[in-house]
Amino acid sequence: MSQLYGGLDRVAMLRNATEVTAWRLMPPAHWQTGMPAAAPEEFQVAGDPVQLSRGAAYELQQLLATPGSYRFFAPIVEECGPPDYGVKFSFINGGDEVDVYVCFKCRALAVTRSDRTNGEADFDPSASRLVAIAQELFPGDAEIMAIRP
């Protein structure tokens, strides 16, 4: 798991975050499906952040910090081509922040800290729960509501 987060300090940051927010994302203006991958940080926020309740934040923290939530020794299946990150979860503690970018199409996520990608993973084993969390956070978003685990 330390490989995913670029070190145990990233896992600790994720678990110890005092604030967790979710952001809806859209691809960078220059990017199109089928083009080379865009860095997660290039995806643009669309709308205001959603503040997670303490209970929802805890559930997400536990899910993302659990090794069983990922397939580590299988290649990421990029059904959508390069990942098309649709949601970003930000884990904040003081001035420190870890962001988790999620592509629900290919079940890939990327973890960044200080605007640098620290790791990627296939979250297929936890897809149904991550989809449910996103749908709870963005109930009025037709694209998110259409995602099937």
Side-chain angles (χ1 to χ4, degrees), residues 1-31 36-139 141 143-144 147 149:
M1 180 165 60
S2 63
Q3 187 178 39
L4 169 66
Y5 293 105
L8 293 177
D9 60 325
R10 273 61 162 196
V11 175
M13 173 58 201
L14 181 110
R15 286 189 173 164
N16 297 325
T18 56
E19 179 182 351
V20 181
T21 56
W23 302 81
R24 194 61 174 89
L25 299 176
M26 59 185 197
H30 70 277
W31 186 79
E41 309 84 40
E42 292 182 70
F43 283 75
Q44 307 293 312
V45 296
D48 295 325
V50 175
Q51 184 77 36
L52 275 71
S53 68
R54 185 172 277 177
Y58 179 78
E59 179 183 3
L60 181 61
Q61 288 166 314
Q62 295 306 308
L63 182 69
L64 293 176
T66 301
S69 294
Y70 309 98
R71 288 192 315 182
F72 286 106
F73 301 106
I76 294 175
V77 179
E78 296 178 347
E79 293 177 12
C80 62
D84 182 3
Y85 301 107
V87 172
K88 173 178 83 167
F89 296 104
S90 297
F91 298 85
I92 303 161
N93 190 348
D96 202 4
E97 182 173 334
V98 170
D99 295 315
V100 177
Y101 293 79
V102 180
C103 175
F104 290 105
K105 296 174 184 173
C106 59
R107 306 290 196 241
L109 60 77
V111 178
T112 66
R113 188 174 192 184
S114 302
D115 287 332
R116 286 190 322 216
T117 302
N118 293 127
E120 297 175 319
D122 177 329
F123 67 86
D124 195 55
S126 58
S128 62
R129 193 59 209 133
L130 264 177
V131 168
I133 290 170
Q135 290 174 338
E136 290 168 15
L137 295 171
F138 300 101
D141 187 308
E143 188 176 337
I144 294 290
I147 299 169

> For Q61 and V20, what are the C-alpha separation, side-chain angles and deciding distance, and is it a side chain to side chain contact (heavy atoms under 4.5 Å, CB included)?
Replying inline: CA-CA 9 Å; Q61 288 166 314; V20 181; 4.1 Å; yes
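- For the residue pair P125 and G68, the shortest heavy atom distance occurs at CB-O, 3.4 Å.
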>> Please evaluate residues V100 and F123 with respect to the criterion side chain to side chain contact (heavy atoms under 4.5 Å, CB included), reporting the C-alpha separation (whole Å), side-chain torsions for both, the decisive distance (0.1 Å), and the verdict.
In response: CA-CA 12 Å; V100 177; F123 67 86; over 6 Å; no
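- Listed here is the closest heavy atom pair of A134 and F104: CB-CZ, 3.6 Å.
- Taking the side chain as every heavy atom from C-beta outward, V111 and F89 never approach each other to under 4.5 Å.
- In this structure, Q62 places its CD atom where more than 12 heavy-atom neighbours from other residues, nucleotides or ligands lie under 6.0 Å away.
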> Checking side chain to side chain contact (heavy atoms under 4.5 Å, CB included) for the pair E97/R113: CA distance, chi angles, key distance, verdict?
Replying inline: CA-CA 6 Å; E97 182 173 334; R113 188 174 192 184; over 6 Å; no
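- Listed for the S69 side chain is a donor-acceptor partner under 3.5 Å among the backbone atoms of L63.
- The CG atom of N93 sits 14.5 Å away from the CZ atom of R15 when rounded to the nearest 0.5 Å.
- Taking a cutoff of 4.0 Å between a charged side-chain nitrogen and a carboxylate oxygen, D141 and R24 qualify as a salt bridge.
- Listed for the S126 side chain is no donor-acceptor partner under 3.5 Å among the backbone atoms of Y70.
- Screening residues 54-70 for salt bridge (Lys or Arg N to Asp or Glu O under 4.0 Å), with sequence neighbours left out, gives E59-R129.
- To the nearest 0.5 Å, the span separating CG on L109 from CG on D122 amounts to 8.5 Å.
- Checking each of N16, D99, L64 against F91 for a side-chain contact (heavy atoms from CB on, under 4.5 Å) leaves exactly one that passes, namely L64.
- Separation of atoms CG (L137) and CD1 (I144) is listed at 9.5 Å; rounding is to 0.5 Å.
- Annotation: F43 is in aromatic contact with Y85 [ring centroid separation under 6.0 Å].
- Side chain of Q135 to backbone of I147: a donor-acceptor contact under 3.5 angstrom is found.
- Of all the heavy atoms in L52 and A22, the pair that sits closest is CD1-N, 3.7 Å.
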>> Using the rule given for side chain to side chain contact (heavy atoms under 4.5 Å, CB included), can you reason through F138 versus V50, listing the C-alpha separation, both sets of side-chain angles and the distance that settles it, and then say yes or no?
In response: CA-CA 8 Å; F138 300 101; V50 175; 3.6 Å; yes
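- Panel note: side chain Q44, backbone E42; a donor-acceptor pair is recorded below 3.5 Å.
- Salt bridge D84/K105: present, at least one basic N to carboxylate O contact under 4.0 Å.
- For the atom pair NZ (K88) and OH (Y101), the distance works out to 4.0 Å, reported to the nearest 0.5 Å.
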